[in-house]
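These notes are about the structure you will find just below.
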Amino acid sequence: PSDVAIAPDGTVAVTGCQANGSQCGEIGVVEFFANAHAPSPCASVSGTAALAVLLSGAFDAHGALYVGGLNESFETSRLGVIKGECSATRLTILRPTTKINFAAGVAVDPKGNIATVDSGGFTHSTAIDVFAAPKSGSRKLRLISQNALSDSGVVASFALTEDGTALYT
């Protein structure tokens with residue numbers, strides 16, 4: 001697995017580079033488990049060519065899993081969303097209003113905003129991009145803030161505090 005996320009209702013999502021668990025390079029999968037003790041997945045959703053390498057995931061308060069990763073040729077970083085937890089069937093690619101050079105993780109703050117640490121950002125340095133959650137029926141992620149992270153070095157993942165006011169890399 002490349003990441004594990006737990007929804008408010010206890011559903012567990014495991015992102016993986018490939019369905020067979022080997023090295024990244026083929027289209028990955030997200031497996032959902034009804035709880036931490038479930039012996040087998042209740043749903044499995046494959047990535048797409050546009051978002052094949054599924055590296056990170058985070059649930060919002062409503063059980064939508066936001067995922068970050070790379071396309072099949074490792075050239076483009078993208079964000080997506082999978083709704084439905086144990087009844088999930090598909091990954092929807094989201095369209096941010098700014099370029100994401102490399103999404104080093106994804107998190108959802110208490111207001112439902114989607115955050116990613118971008119290793120490119122507006123100054124070509126590492127920045128945190130925060131997007132408003134897409135409106136119902138939309139795939140657009142509207143950028144609401146973008147802040148450079150000074151002296152952060154290379155960021156592979158990050159975490160927000162529960163109240164969303166601090167970032168740890």
Side-chain angles (χ1 to χ4, degrees), residues 1-7 11-33 41-109 112-122 124 126-146 154-160 169:
S2 51
D3 200 10
V4 175
I6 302 173
T11 300
V12 177
V14 179
T15 58
C17 290
Q18 287 181 216
N20 65 10
S22 64
Q23 293 180 347
C24 294
E26 294 180 14
I27 293 178
V29 68
V30 175
E31 292 182 319
F32 292 88
F33 295 82
C42 55
S44 234
V45 177
S46 291
T48 67
L51 184 48
V53 183
L54 301 162
L55 299 173
S56 58
F59 281 103
D60 70 8
H62 307 289
L65 179 71
Y66 289 88
V67 294
L70 299 165
N71 69 339
E72 177 167 62
S73 59
F74 297 90
E75 296 170 346
T76 305
S77 192
R78 292 213 166 83
L79 298 175
V81 64
I82 302 171
K83 295 182 179 179
E85 296 178 341
C86 280
S87 60
T89 59
R90 68 183 181 100
L91 166 69
T92 301
I93 305 299
L94 299 172
R95 297 181 182 199
T97 56
T98 191
K99 178 178 173 50
I100 298 172
N101 295 292
F102 180 78
V106 62
V108 181
D109 74 12
N113 298 317
I114 292 69
T116 188
V117 171
D118 182 1
S119 66
F122 64 96
H124 298 290
T126 302
I128 183 164
D129 297 341
V130 180
F131 300 92
K135 294 181 180 177
S136 182
S138 174
R139 295 188 300 153
K140 181 179 178 182
L141 285 177
R142 183 179 55 85
L143 184 68
I144 56 175
S145 72
Q146 187 176 58
V154 175
V155 177
S157 77
F158 74 101
L160 295 175
T169 60

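We count residues from 1, following the sequence as given.
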Thr126 vs Val117, side-chain contact (heavy atoms from CB on, under 4.5 Å): CA-CA, chis, key distance, verdict: CA-CA 7 Å; Thr126 302; Val117 171; 3.5 Å; yes
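- Contact of the Asp129 side chain with the Leu143 side chain is registered, since non-hydrogen atoms from C-beta on lie closer than 4.5 Å.
- Heavy-atom minimum distance, Gly80 versus Leu51: N-CD2, 3.8 Å.
- Put simply, CG on Asp118 and CG on Asn101 are 4.5 Å apart, with the number rounded to the nearest 0.5 Å.
- Across all their heavy atoms, Ala43 and Cys86 have their closest contact at CB-O, 3.4 Å.
- Paired with Leu54 under the rule side-chain contact (heavy atoms from CB on, under 4.5 Å), one option of Val30, Ile82, Leu70 passes, and it is Val30.
- Across every non-hydrogen atom of Thr11 and Phe59, the tightest pair is O-CE1, 3.8 Å.
- In this structure, OG1 in Thr116 is found 5.5 Å from CG in Leu79, a value given to the nearest 0.5 Å.
- Contact detail for Arg78 and Ile93: the closest heavy-atom pair is CD-CG2, 3.7 Å.
- Under a 3.5 Å cut-off, the side chain of Ser2 and the backbone N or O of Thr15 do form a donor-acceptor pair.
- Between Phe33 and Val4, every side-chain heavy-atom pair lies at or beyond the 4.5 Å cut-off.
- Across all non-hydrogen atoms, the minimal contact from Ala64 to Val81 is CB-CG2, 3.9 Å.
- By the 4.5 Å heavy-atom criterion applied to side chains, Phe131 and Thr98 are counted as neighbours.
- Counting heavy atoms from C-beta outward, Glu31 and Ser44 have side chains that approach closer than 4.5 Å.
- Between Ala115 and Ile128, the shortest heavy-atom contact is CB-CD1, 4.2 Å.
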